[in-house]
Every structure is written in C-alpha cells, then in structure tokens.
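One structure is given here, and the rest of the page talks about it.
Predicted model only: the values in this text are computed from it and were never measured. Keep in mind that the numbers below use all heavy atoms, side chains included, and drop hydrogens, waters and symmetry copies.
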Amino acid sequence: SFGSSFAHAWGARCRSGATARMHMVAPRLRLRPLSAPAVAACWRATLLVVLLAFQVCLAADEAEWPVCENRQFRDEDIEPGGLRLLGVKESPLGDFPSAPAAATHEHFFKQLREVWTDDCPRMFVQLGVQPAPGRFREWSSAALWLHYFNNSGMVVAVDAVSDYLEHFAEALRVGPQASLLSIAAEGEQVEGAAPGAQVDVRTVRALVAERGSGKKAKERPVSFDAPAGGKVLAADEAMRACSGEAAGPDAEDERHPCARILRGMRASEPLEYFAPLLTFDDIWKRKLKSRHADFLQVDLGAASMLSLLNKGFSNFFTARQASVFAFRVDELWTKADLKAVVEWLDKFEYFSMFKLVCSGSSQAGSFSYYGPGGDNIGPTTYLPVSGVDFDKAIDWDRLTLPQDVLAFDLRQPDIFRTVQLGDSSCDVDEGLDDETCAKDASGSCRGGTDGAAPGRPEQLRVVRSESRALTLEWRPQPGGATPETYTLRVDPGAMEDSIEHDGFEMASGVQMHTVGSLRPDTEYTIRLRAVGPGGESEEASVVHRTATEKAAAAASALYDMVEGLHCGMSSTEEVQPAGPPPQGQSFFRDIKDSNGCRARCDDNRQCVAFQVKSGDACWLYRRRPREAHLSGPRNDAGWECGVKK
C-alpha cells in the first residue's frame with residue numbers, strides 16, 4: 001500500500017510540475033508482525049515501484065514537443081526552400097559589408113516574429129554569453145529573444161565562465177520577463193517558479209570543444225584562443241575587461257557583469273575558472289534531449305571554427321536540428337576559414353548570409369528596441385555568402401570586423417521572408433544610392449541606375465512545354481535598376497500581361513511565369529520587357545512551339561483529375577510560402593486553366609495537388625485531399641482538382 005501510494009503521488013508530482021505537493025494516503029490496515037524475508041521483499045517491491053515511477057517522470061520530461069508550423073513539412077522531399085543554389089553574382093548592397101555588425105540580433109528577432117508564430121514551444125541556445133552591451137540590463141541574444149518568443153519552450157545559455165552565467169540568470173530573475181520564466185542552473189531543481197512561468201531557462205557550465213571528456217568530464221582550466229596565436233586564460237581575459245576604465249564607472253554596481261569578477265579579484269584566492277570539456281553534440285543529447293533548436297548562436301572565441309563544427313557539432317547538423325544558425329566572424333577568422341565554414345553548412349542545406357546594418361535607410365531609428373537602439377543600430381538586411389565566388393566577391397582586407405553570419409535552413413522557406421523584410425527596411429526596393437549600390441573598381445555604382453530604366457531581361461527561355469501552356473524563366477540584368485514589373489506579349493493572339501518582379505527568388509535572381517490558354521502544336525513568339533520608374537527596357541524574345549495534345553495527355557496521366565470539384569483544402573495546406581508572388585508561391589491569379597496550374601505544380605517539388613477555377617486562378621497544395629472528399633459529389637461548377645498519382 002505504501003509503495004502504490006508513493007508511486008501515485010510521484011506520478012502526480014511529475015504531471016503537475018516540480019513545485020507540486022506530494023500527498024500519500026494509506027488505507028487503515030490491521031497490521032501484524034512480518035518475517036525478515038517478508039520485510040525485505042516488501043521493500044524491494046516498494047523500491048521497484050519508485051524506480052518505475054521515476055522512469056515515467058523522466059519519460060514525461062523527455063516527451064517530444066509539438067512541431068511548430070514552420071517546420072512541419074521540412075523533411076518531406078521538396079526542393080530546398082524553393083531556392084536554387086546558382087550563386088549570387090551581385091547584390092544591391094555591395095560585394096561585402098562596409099560597417100561592423102550590430103550590437104545585438106534584436107532587429108532580426110523582430111523580423112522573424114513577423115514570419116513565425118509564437119504558439120508552440122521554441123528552443124533558443126546561446127553558446128558563449130560574454131557580458132552583453134548593457135551595463136544594468138541583460139541584452140544578450142537569449143534575453144532579447146524572450147521579448148519576442150515566450151509562449152513556451154526553453155532558453156539555454158552555455159558558457160565556461162561561471163560569473164557570466166550567474167550574471168545572465170540573475171539579470172533575468174529581476175527583468176521584465178521574470179514572471180514568464182522558470183530559471184535554474186545545471187543540476188538545480190526549479191523552486192518557487194512563478195505560477196505563470198512558461199519558458200524554462202537553463203544555464204550549462206561547459207567548455208565547448210572538439211572532443212568531450214565523457215559523462216564524468218573532469219573539469220579543466222578555461223582558456224580561449226588569442227588573436228595573435230596561443231591561448232589566454234579566461235580569468236586573465238575577464239580581469240582585463242573589468243579593470244580600470246575598460247568597464248566604465250559603474251563596474252562596482254551589483255547589476256554590472258564586472259561586479260562579480262572584481263569581487264573575485266579582491267579575494268584571497270586567485271581568480272580561476274574551471275569547466276568540463278563537452279562537445280555540443282554531448283550538450284544537445286544530454287541537456288537538450290536531442291530537441292530541435294529554432295535558433296543556435298555560437299560565439300566561443302575559437303580560432304578553428306570548421307574543426308569545431310566538424311568534430312563537435314556533426315551529429316546535430318547531420319540531423320539538421322537548427323532552423324537558424326548564427327555565428328560571429330572576428331579577428332580570429334581568415335577568409336579561408338569563412339569560405340570553408342559556409343561550404344560545410346551548404347552540405348547540410350543551410351544558406352549563409354551576412355546580417356548587415358543598413359546605411360542611410362529612410363526607416364533608420366523608427367524601430368522601438370528593448371535593447372540598445374538608435375539611428376546606428378538598424379534596420380538590418382542581408383547579403384548572401386553561400387554560392388559566391390569568394391576570391392572575386394569578398395575583399396577580406398577591406399571587410400570591417402566583426403560581422404554576423406546567419407545560416408537559414410533551406411527546407412524552411414518561410415525564414416527567407418525576413419530577407420524581403422530586410423530589403424524593404426533598407427530601401428533596397430526603392431533603387432540604389434551611392435552607399436548601397438554594387439560598385440565597380442573605381443568606386444562608382446555599376447550601371448548608373450539613378451533614374452534609368454531597367455536593363456533588358458537576360459536568359460529568357462522556355463523551361464516547360466505543354467500543349468496549352470509554356471513556362472518561362474529569365475533573370476533581370478545585373479547591375480541595372482531593379483524592375484518593378486515586366487510586360488509580356490504573346491503572338492499569335494496578341495495576348496498581353498503585366499507580371500510583378502518576384503523578389504523572393506533572391507538567391508538565384510530567377511523569375512518564372514506560366515503562359516496559359518494556348519493552342520496545341522502552335523509556334524508562339526514571346527516578348528518580354530522590364531519596367532521600372534525610369535521606363536521600359538529593350539525587348540527580349542523567344543520562339544517556341546507548344547506540345548501536341550498527345551504529349552499533353554501523357555503529362556496529364558501523372559495526375560488524377562476530378563472535374564466539378566473544389567479540392568476542399570485550407571490555406572494552411574498550401575505550399576510554402578503561401579500566397580501570391582512575390583512573397584508566396586501557392587496562389588496564381590494569372591493562371592486560369594488546368595494545364596497552366598499543372599505546370600506550376602510540376603515545377604514546385606512541395607506540390608502534390610492543385611486546384612483551378614476556370615478563368616479565375618490556380619492554387620498549389622503540399623497535402624493530398626481527403627479520399628472521402630474526392631469520391632463525394634461533384635457539384636462545384638467551374639472547379640477542377642488534380643492530385644499526383
């Protein structure tokens with residue numbers, strides 16, 4: 001009875017949280033003396049029940065979180081992010097950053113919050129929590145993240161310097177988000193958490209290294225790589241940062257991160273820091289329960305980042321368990337280091353970009369920040385480094401350090417909407433100026449774009465031929481003014497259309513459009529012009545013959561077509577990013593028949609079904625319609641639903 005009551009109480013404690021009270025109610029029994037073997041058997045049974053209850057509690061703690069919407073379909077066989085890794089020859093922002101990185105990632109978090117919902121558990125991991133820019137406020141990335149994503153989940157801070165971790169935790173305990181947090185150091189139980197606590201905050205003291213020291217890791221003196229080579233002890237580096245005028249006049253204030261270090265310097269024992277050696281794979285498996293990290297930031301003062309990633313992060317990245325990976329490029333890096341790390345991330349389908357501070361934006365200073373803000377802090381935008389020719393595109397000697405690099409999971413195309421938000425914030429879509437245009441060797445803007453018409457579209461070609469539809473592909477002329485729209489004319493038939501410039505295809509610059517309502521086995525001439533504030537470009541053209549009906553019938557055989565039926569799908573089941581171009585890839589007002597819609601579905605590897613309303617529009621879906629719906633009555637006049645076989 002005692003064992004079963006204890007197990008029941010322990011299970012209730014697991015279910016209701018660490019602060020739940022434990023109640024044990026034993027029934028009234030008529031007791032009699034037991035023999036020694038019987039007593040031993042009773043205690044063995046009780047111990048077994050307790051161990052089983054403990055395992056149940058551990059299993060509950062390690063239970064899988066629900067998958068957030070942005071990565072529900074990440075592991076399906078789709079074209080990564082809808083982006084084509086063809087390289088980036090130019091950028092309207094220039095060939096490399098000319099200003100140092102922003103003090104924090106907060107503006108990126110603001111953009112990401114516009115893209116991601118905050119209705120599911122999210123994991124933020126920061127490796128390296130050196131004192132943040134604020135003297136009396138916690139402005140580390142982990143703390144700022146909590147202003148934007150705090151519905152549920154976990155924030156984990158890892159550092160080898162105990163004073164930094166203690167300052168981080170204490171600042172959050174008295175910060176504006178304290179009522180939402182349950183904060184505990186490694187190995188501690190969460191005691192006295194606020195009733196409304198939603199996010200677990202954990203600190204882990206460890207020196208992240210290429211090789212760990214096993215489960216019983218022996219603690220070692222903490223040291224960092226030095227810019228001039230060799231190592232510097234963490235205690236020496238902390239004392240240097242907090243001595244004299246370096247820390248400012250408020251260093252003795254208890255809220256200042258240097259206050260703890262200064263107390264240690266005055267102690268009788270020398271200031272030293274010790275920590276166990278762990279790989280991040282060890283931390284991910286043991287401390288994070290192998291969960292997905294929505295944002296992983298690494299700032300470890302390591303001179304050989306590639307080797308550290310290769311040996312210490314390999315399991316994590318092989319499993320592709322980060323949505324966004326952030327790292328800082330500083331004086332410890334070389335151009336070859338950056339190239340090697342970017343190419344290593346490319347292998348795991350992560351697309352890397354410099355995160356830049358805009359120069360001369362009309363929106364500078366218009367954002368409200370929790371952390372340090374002002375005219376010199378943002379907004380931010382992005383410059384791709386994946387796929388570029390490093391030798392030609394990046395002048396390392398002129399690159400201002402430090403710089404932040406963000407690597408996005410290519411199988412989560414929604415993340416790339418932050419790039420569009422960044423372009424809009426930095427007035428990139430409004431044309432180029434002397435500060436942000438791509439420059440030639442003399443320092444002048446290429447193409448002379450001020451008030452000029454866009455250049456003639458390049459590489460116009462037919463990439464898919466149907467009996468009644470042709471899918472076109474082209475690129476805007478590099479170095480010229482950015483087009484706003486394109487005018488398209490198709491002959492015979494004198495069909496004309498206006499097409500928006502698709503800003504989402506930022507990686508390759510590729511523009512695509514499907515021309516529908518054509519006749520089978522007919523030669524068409526297609527003419528295209530780019531249009532901008534300065535006028536129209538010269539004409540690009542291509543001549544192509546549509547397929548015969550027989551060939552089209554073979555293509556149609558790949559789909560089960562149901563006429564007179566709406567697919568019965570919701571907007572959440574559309575391919576991602578949902579919506580019309582340029583932001584979306586699931587809704588096309590200019591495609592009005594099944595041939596054109598099927599061609600769009602064929603070109604999108606997420607697409608498994610489409611529907612079209614004759615003469616109106618086309619929708620693409622990443623989920624199949626329910627069988628019961630497909631076999632139901634067909635009373636939707638003018639609608640047609642196609643499902644891949």
Side-chain angles (χ1 to χ4, degrees), residues 67-86 88 108-120 122 148-149 292 294-295 320 322-324 349-353 381-382 384 386 406-425 428-429 471 473 499-514 567 569-591 597 599-612 617-624:
V67 176
C68 296
E69 184 182 50
N70 57 285
R71 58 187 183 91
Q72 282 182 346
F73 308 100
R74 183 185 66 126
D75 295 323
E76 294 184 358
D77 185 20
I78 62 173
E79 180 178 359
L83 298 172
R84 304 179 182 195
L85 294 180
L86 301 179
V88 181
F108 173 71
F109 296 158
K110 290 174 68 73
Q111 293 173 344
L112 194 61
R113 185 62 183 84
E114 294 184 45
V115 174
W116 282 356
T117 61
D118 188 28
D119 57 359
C120 66
R122 295 195 181 275
Y148 299 91
F149 297 96
H292 183 88
D294 293 277
F295 194 103
R320 302 184 67 257
S323 292
V324 179
E349 294 183 323
Y350 286 88
F351 191 86
S352 303
M353 291 174 285
T381 191
Y382 311 90
S386 281
L406 301 181
F408 291 175
D409 180 0
L410 277 165
R411 289 186 176 269
Q412 297 184 54
D414 275 2
I415 306 175
F416 287 84
R417 289 169 56 196
T418 59
V419 178
Q420 294 171 285
L421 294 172
D423 283 354
S424 175
S425 299
V428 172
D429 293 334
T471 300
E473 180 180 283
I499 307 163
E500 289 187 3
H501 177 71
D502 187 353
F504 184 75
E505 290 290 354
M506 45 72 61
S508 63
V510 173
Q511 307 290 303
M512 297 186 72
H513 179 73
T514 298
C567 284
M569 309 282 277
S570 71
S571 60
T572 61
E573 297 168 297
E574 295 177 9
V575 301
Q576 296 296 306
Q583 287 82 11
Q585 297 292 315
S586 67
F587 175 69
F588 302 93
R589 183 66 78 175
D590 59 329
I591 299 177
C597 199
R600 275 289 187 178
C601 189
D602 286 340
D603 290 332
N604 190 315
R605 293 186 62 188
Q606 297 180 57
C607 183
V608 297
F610 69 87
Q611 73 178 13
V612 62
C618 160
W619 292 260
L620 306 184
Y621 296 100
R622 57 187 177 179
R623 294 283 190 183
R624 295 178 180 276

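W619 has its side chain out of reach of V612: every pair of non-hydrogen atoms, C-beta onward, lies at least 4.5 Å apart. Residues Q412 and W116 form a side-chain contact, since some pair of their non-hydrogen atoms from C-beta on lies under 4.5 Å apart. Looking at C597 and L620, their side chains come closer than 4.5 Å, going by heavy atoms from C-beta outward. Contact annotation: the side chain of E349 approaches that of R320 to within less than 4.5 Å [non-hydrogen atoms, C-beta and beyond]. Looking at heavy atoms from C-beta onward, V115 lies out of side-chain contact with F416 at the 4.5 angstrom threshold. Using a 4.5 Å cut-off on side-chain heavy atoms (C-beta onward), T381 and M353 make no contact. Residues R113 and D118 form a side-chain contact, since some pair of their non-hydrogen atoms from C-beta on lies under 4.5 Å apart.
Annotation: the span from L406 atom CG to T418 atom OG1 amounts to 8.0 Å, rounded to 0.5 Å. Interatomic distance, CZ of R589 versus SG of C618, reported as 11.5 Å (0.5 Å rounding). Annotation: the span from I591 atom CD1 to T471 atom OG1 amounts to 7.0 Å, rounded to 0.5 Å. Taking CZ of F351 as the reference point, atom CD1 of I415 lies at 13.0 Å (rounded to 0.5 Å). The CZ atom of R623 lies 8.5 Å from the CE atom of M569; values are rounded to the nearest 0.5 Å. Of the inter-residue distances, the one linking Y350 atom OH with D409 atom CG reads 5.0 Å to the nearest 0.5 angstrom.
The aromatic rings of Y148 and F109 are tilted relative to each other, their planes meeting at an angle between 30° and 60°. F108 and F295 have tilted rings, their planes meeting at an angle from 30° to 60° on a 0 to 90° scale.
Within the 3.5 Å criterion, the main-chain N or O of S352 finds a donor-acceptor partner in the side chain of S386.
A cation-pi contact links R600 to F588, judged by a cut-off of 6.0 Å to the six-membered ring centre and 45° from its axis.
Taking S586 as the reference, E574, V575, A578 meet the side-chain contact (heavy atoms from CB on, under 4.5 Å) condition, with sequence neighbours excluded. Legend: residues meeting ring pair (Phe, Tyr, Trp, His ring centres under 6.0 Å) with Y621, ordered by chain and number and at least two apart, are absent.
For F587 against A617, the heavy-atom pair with the smallest separation is CE1-CB, 3.5 Å. What you find for C567 and Q611 is that their closest heavy atoms are N-OE1, 2.8 Å.
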> Could you go step by step and tell me if L112 and F149 meet the side-chain contact (heavy atoms from CB on, under 4.5 Å) rule?
Replying inline: CA-CA 10 Å; L112 194 61; F149 297 96; 4.3 Å; yes
